[in-house]
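All values below were derived from every heavy atom in this structure, side-chain atoms included, with hydrogens, water molecules and symmetry-related copies excluded.
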Amino acid sequence: MILASGSAIRREMLHRAGVACDVVVPRVDEAALRAALEAEGATPRDIADALAEAKAAKVAARHPDRLVLGCDQVLDHRGRVLGKPESPEGAARQLRALSGDRHALFSAVVAFQDGRPVWRHVGQVRLTMRGLSAGYIDDYIARNWDSIRDSVGAYKLEEEGARFFTAIEGDYFTVLGLPLIPLLSWLIDRGTLPA
């Protein structure tokens with residue numbers, strides 16, 4: 001099995017669940033693809049799904065004999081898609097926008113086998129963020145920039161970002177970027193993993 005993702009947390013989740021996989025980071029221009037999908041009016045859910053499929057397809061083209069998992073996560077805040085912050089200033093803008101409001105995370109996984117998609121799932125989580133002061137946001141980013149620079153929304157729930165929320169509706173693994181329970185169920189049902 002190949003994980004078509006550079007995400008350390010996705011790799012760790014699979015490893016801790018006893019799923020052996022190689023990692024091949026796909027070379028996909030996510031920003032350009034996301035922009036094109038948004039211009040076409042795609043929903044945040046469909047954007048996450050399309051990005052996950054593009055990553056899996058890219059790696060599966062070079063490894064058609066392997067099961068390839070492509071993943072992506074998109075944050076939807078009032079119909080606006082937020083990606084990974086490009087700078088600490090961008091992270092501050094994202095957190096100020098999310099502060100005191102609700103948003104949704106869509107985490108998609110698409111499996112390719114024999115060069116074609118054979119399974120997909122998009123998990124959704126709704127999160128309510130408490131009001132954060134400008135000073136706290138700035139201090140948080142200064143302390144955590146190296147960790148959060150690759151996270152949509154500029155936070156990590158598995159770290160200090162857990163302090164931001166008053167309510168979370170949905171699966172913890174989906175917040176981390178991989179709907180692990182549906183994926184494991186599919187892998188077990190198809191006989192890839194024992195149970």
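Every residue two or more places apart in sequence or in another chain that forms a side-chain contact (heavy atoms from CB on, under 4.5 Å) with S87 is listed here: E89. Qualifying ring pair (Phe, Tyr, Trp, His ring centres under 6.0 Å) partners for Y140, counting only residues two or more places apart in sequence or in other chains: F164. Residues passing the side-chain contact (heavy atoms from CB on, under 4.5 Å) test with A52, sequence neighbours excluded: D72, A108, V110. Partners of R116 under the side chain to side chain donor-acceptor pair (under 3.5 Å) rule, at least two apart in sequence or in another chain, do not exist in this structure. Qualifying side-chain contact (heavy atoms from CB on, under 4.5 Å) partners for D101, counting only residues two or more places apart in sequence or in other chains: H77, R78. Listed by chain and number, the residues in a side chain to side chain donor-acceptor pair (under 3.5 Å) with Q124 amount to none (sequence neighbours excluded). Listed by chain and residue number, I9, K156, Y172, L176 satisfy the side-chain contact (heavy atoms from CB on, under 4.5 Å) test with E158 (two or more places apart in sequence, or in another chain). Judged as a salt bridge (Lys or Arg N to Asp or Glu O under 4.0 Å), and not counting sequence neighbours, E38 has no contacts.
Counting only residues at least two apart or in different chains, salt bridge (Lys or Arg N to Asp or Glu O under 4.0 Å) contacts with residues 41-52 comprise D49-R120. Within the structure, salt bridge (Lys or Arg N to Asp or Glu O under 4.0 Å) pairs that include any residue of residues 178-192 do not occur (at least two apart or interchain). Residue pairs meeting the salt bridge (Lys or Arg N to Asp or Glu O under 4.0 Å) criterion with at least one partner in residues 163-177, sequence neighbours excluded, are R102-E169, E160-R163. Counting only residues at least two apart or in different chains, ring-ring contact (aromatic ring centres under 6.0 Å, His included) contacts with residues 27-58 are absent.
Two residues are said to be in side-chain contact when any heavy atoms from C-beta on lie closer than 4.5 Å; F173 and M13 meet this criterion.
Ion pairing between a basic and an acidic side chain is recognised when a charged N comes within 4.0 Å of a carboxylate O; K55 and E30 show such pairing.
Scanning both residues, L33 and A54, for their nearest heavy atoms gives CD2-CB, 3.7 Å.
Residue-environment remark: CZ (R80) stays at or below the threshold of 12 foreign heavy atoms within 6.0 Å.
Across L75, I168, L98, T166, a single residue satisfies side chain to side chain contact (heavy atoms under 4.5 Å, CB included) together with L127, and that is I168.
Put simply, the side chain of R10 gets close to the backbone of G177: a donor and an acceptor are under 3.5 Å apart.
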Practice task
Determine, stepwise, if the pair H121 / F106 fulfils ring-ring contact (aromatic ring centres under 6.0 Å, His included).
Solution key: CA-CA 10 Å; H121 180 83; F106 293 93; over 10 Å; no
